[in-house]
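Working notes, structure below.
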There are 2 protein chains.
Amino acid sequence: MRVAVPKEIVAGERRVALVPETVVQLGKAGLRVSVQAGAGEGAYVPDSAYGDAGAAIVDDAARLLAEADIVVKVQKPVRNERLAQHEVDLLREGSALVSFLQPLNDLELVRLLARRRITSFSMEMVPRTTRAQRMDALSSQATVAGYKAAVLAADSLAKFLPMLTTAAGTIRPGRVLVLGAGVAGLQAIATARRLGALVEAFDVRPAVKEEVQSLGASFIEMPIAEETQTAGGYAKELSAETHRREIDVIREHAREADAIITTAAIPGARAPILIPEDTVKLMRPGAIIVDLAADTGGNCELTRPDQETVCHGVRIVGAANLPATLPVPASQMYSRNIASVLLHLVKDGKLNVDFQDEITSGMCVTHAGEVVHERIKARMAS
Amino acid sequence: MRVAVPKEIVAGERRVALVPETVVQLGKAGLRVSVQAGAGEGAYVPDSAYGDAGAAIVDDAARLLAEADIVVKVQKPVRNERLAQHEVDLLREGSALVSFLQPLNDLELVRLLARRRITSFSMEMVPRTTRAQRMDALSSQATVAGYKAAVLAADSLAKFLPMLTTAAGTIRPGRVLVLGAGVAGLQAIATARRLGALVEAFDVRPAVKEEVQSLGASFIEMPIAEETQTAGGYAKELSAETHRREIDVIREHAREADAIITTAAIPGARAPILIPEDTVKLMRPGAIIVDLAADTGGNCELTRPDQETVCHGVRIVGAANLPATLPVPASQMYSRNIASVLLHLVKDGKLNVDFQDEITSGMCVTHAGEVVHERIKARMAS
């Protein structure tokens, strides 16, 4: 089996799907890895390091992809405007692709993959089971995003996060409010706590309370009658009434916050608005909102993806693709996720597409010219 | 006594010399404070907050300064290019000025202050005694700079600072090297340690070893025969031979570092070059140098003040005036320093210039038309 690692072409993407350490591991398992020249540049991995790990370096993306049995990527394949060519068109018919694919948001790509008879696996679709934990790239990348959000907030604030006691007196600690205590939210809490901030966290799922408190943050209580999480543990869309109540609760805590880090996402749907403009108006001048949901519309009404704006004296950071700003650990972790997926999919030197296996069937989007994933088929039919 | 707080006019200066909390304190001691409208803007202090604290708000800088007995500032007075006017020319003859003045580096300003018969006190010249500790603005602002340097390094790095253990394996902690373990260096160490980095520190003064170690950093040993610190506890200029040796020692540690924070300054002199270009060449691609000595020439040979450059794959941040990037705590602490100086200088409602007092004589630069500070007089004569 030949595994190919092309250079990412989306602007600002500095991660790479495999790092040398993992190339060695895959090599031991009998997988030969080819890497496009310069693929590791953004993550400070020189071609020579891939060479030392046993990978072949290929200059030309077209040749690399044409010869591959499995292509591994970070960003979903896109049209290369410069070459007027879609990455999917460079893949060999019948070959496999393992990558983030955003299949629920990009049905056009799904159709293209089916048409080109690519066996595609979506890293977003890894089931949230103990067995699949090592493949869970949403979690690994959310860890990176949560850490970065807190560091970014610290660096943008006009205040200290820690309480400092000096000869010139005591300076009070900064107050950080984290919305959503999933993987990203918990890592943001942990990082803000490391820096000494007073941290409050809000989540509609009461189950996360203990974890929040164990990190030294206080948990904002809001009794909710309805079910707030899916079987997979993700947050569910709430009723309009409950949503109004949560906005009110958040508003009261937002006005005291120096930094708000928002991480509330609903898979495959627009992110819920938790901070409408009237909340922003009540916030402290100089406060900052780091909106990790910027990619899917933002948790703040005023967020603009990939942009930093100042509204009503509050700086709002539309933090799209934060993992790419920490390409070294983000690539390391993603690479380990990808390697676990590959080792799961490849049996006796061949791709083994076993639809009886819940990980394989959970992740597989297209196969043998068909869209095979039930949720995506349902979305296409609707 | 009327104390005036003008709006700072140096570009990028967001601090203010007094905050409302301190205005109240001075009011109780019988000092009336006037504040220029908008003076607190950069530090998010509205005019109304000064009004509530009992200060008069004055729109016009010229009127404010003309009516003042003591003017307090952050940045040394400069020529206002827009108004084609020097701030010193707005001061009333015979009035007092308490501010950072950089008198050893700006003899022209010293002459101007003497000519205008201003009684001027330099915040850089506060003696390093226990009694004067509360007035020590170099220390308070160095605390801010040290914290910010570490946060800035964390935010600019392509890596985590903490070690993280996740389902996708363990990520090693980042390595931070701090050069100079004065107030700024110690705060940078403490902040990088909070974030979980592996920290090494270098200082020519063996006396700081224990403090470095108590913060969880390792101290780089280099036996030195000569005296390395002044009576005041500051680092001294070293012999050429010792300087060459320290550069060699630093080079060996620099090549392993992800971030270097340099804080080595010699009062009144150019900062020593600790990181020549050949050291930068050996550093890891993607590493960062935050050079706190940028204002006085930089500890890295390639530093450009106020600029961020990338040389040999290393990002070099010429971090001039970092305290201004955290205007809230920096102003709070500076304000307390200034208030302590004012309460020291004012006796029974009058400025008491007592040259027998070591704090007063240590800080006083000009008085009654003369340059009165011995070190500055010596510098002028040379």
Side-chain angles (χ1 to χ4, degrees), chain A residues 14 21 41-46 130 132-137 139-141 143-144 147-148 150-162 164 166-169 171-172 174 183 187 190-191 193-196 258 284-287 313 325-330 332-337 340, chain B residues 14 21 41-46 130 132-137 139-141 143-144 147-148 150-162 164 166-169 171-172 174 183 187 190-191 193-196 258 284-287 313 325-330 332-337 340:
Chain A
R14 294 174 56 192
E21 163 204 297
E41 225 166 59
Y44 303 104
V45 184
T130 309
Q133 226 179 358
R134 292 168 53 88
M135 310 176 196
D136 187 353
S139 288
S140 73
Q141 304 305 296
T143 299
V144 179
Y147 167 79
K148 179 69 181 187
V151 168
L152 199 159
D155 193 21
S156 302
L157 264 189
K159 290 188 177 180
F160 291 144
L161 287 189
L164 290 187
T166 71
I171 303 291
R172 273 181 305 225
V183 175
Q187 191 60 48
T191 306
R193 286 291 305 142
R194 276 179 186 277
L195 278 167
D258 295 308
R284 293 179 173 175
T325 65
L326 285 163
V328 176
Q332 273 174 359
M333 293 162 85
Y334 187 71
S335 178
R336 292 175 192 168
N337 298 141
S340 298
Chain B
R14 295 174 55 191
E21 164 204 299
E41 226 166 57
Y44 303 105
V45 184
T130 310
Q133 224 178 0
R134 292 167 54 87
M135 310 177 195
D136 185 355
S139 287
S140 74
Q141 304 305 297
T143 300
V144 179
Y147 168 81
K148 181 67 180 188
V151 168
L152 199 160
D155 195 21
S156 302
L157 263 190
K159 289 189 177 180
F160 291 144
L161 286 190
L164 290 185
T166 71
I171 303 290
R172 275 180 302 220
V183 176
Q187 191 59 47
T191 306
R193 286 290 307 142
R194 278 178 185 277
L195 278 167
D258 295 308
R284 292 179 173 176
T325 66
L326 285 163
V328 177
Q332 275 174 359
M333 293 161 85
Y334 187 71
S335 178
R336 293 174 192 167
N337 299 140
S340 299

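Below, chains carry the letters A, B, ... as their sequence lines are ordered, and counting in each starts from 1.
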If I measure from the heavy atoms of chain A, does [X] come under 4.5 Å with its side chain, its backbone, both, or neither?
X	result
B/L157	backbone
B/S140	side chain
B/R194	both
B/R14	side chain
B/V183	neither

If you tally heavy-atom pairs under 4.5 Å against chain B, which of [options] wins?
options	result
A/P162, A/A137, A/A154, A/G169	A/P162
A/R172, A/R193, A/Q187	A/Q187
A/T325, A/L161, A/T143	A/L161

Handout entry: chain B contact via A/T166 - side chain, backbone, both or neither, heavy atoms under 4.5 Å
Key = side chain
Handout entry: Donor-acceptor under 3.5 Å (B/R134 side chain, A/A168 main chain)
Key = no
Exercise for the section: Keeping the roles fixed (side chain from A/K148, backbone from B/D155), state whether a donor-acceptor pair exists under 3.5 Å. Expected result: yes
Practice task
Please name the pair of heavy atoms, one in B/Y44 and one in A/A158, separated by the smallest distance, quoted to 0.1 Å.
Solution key: CE1-CB, 3.5 Å
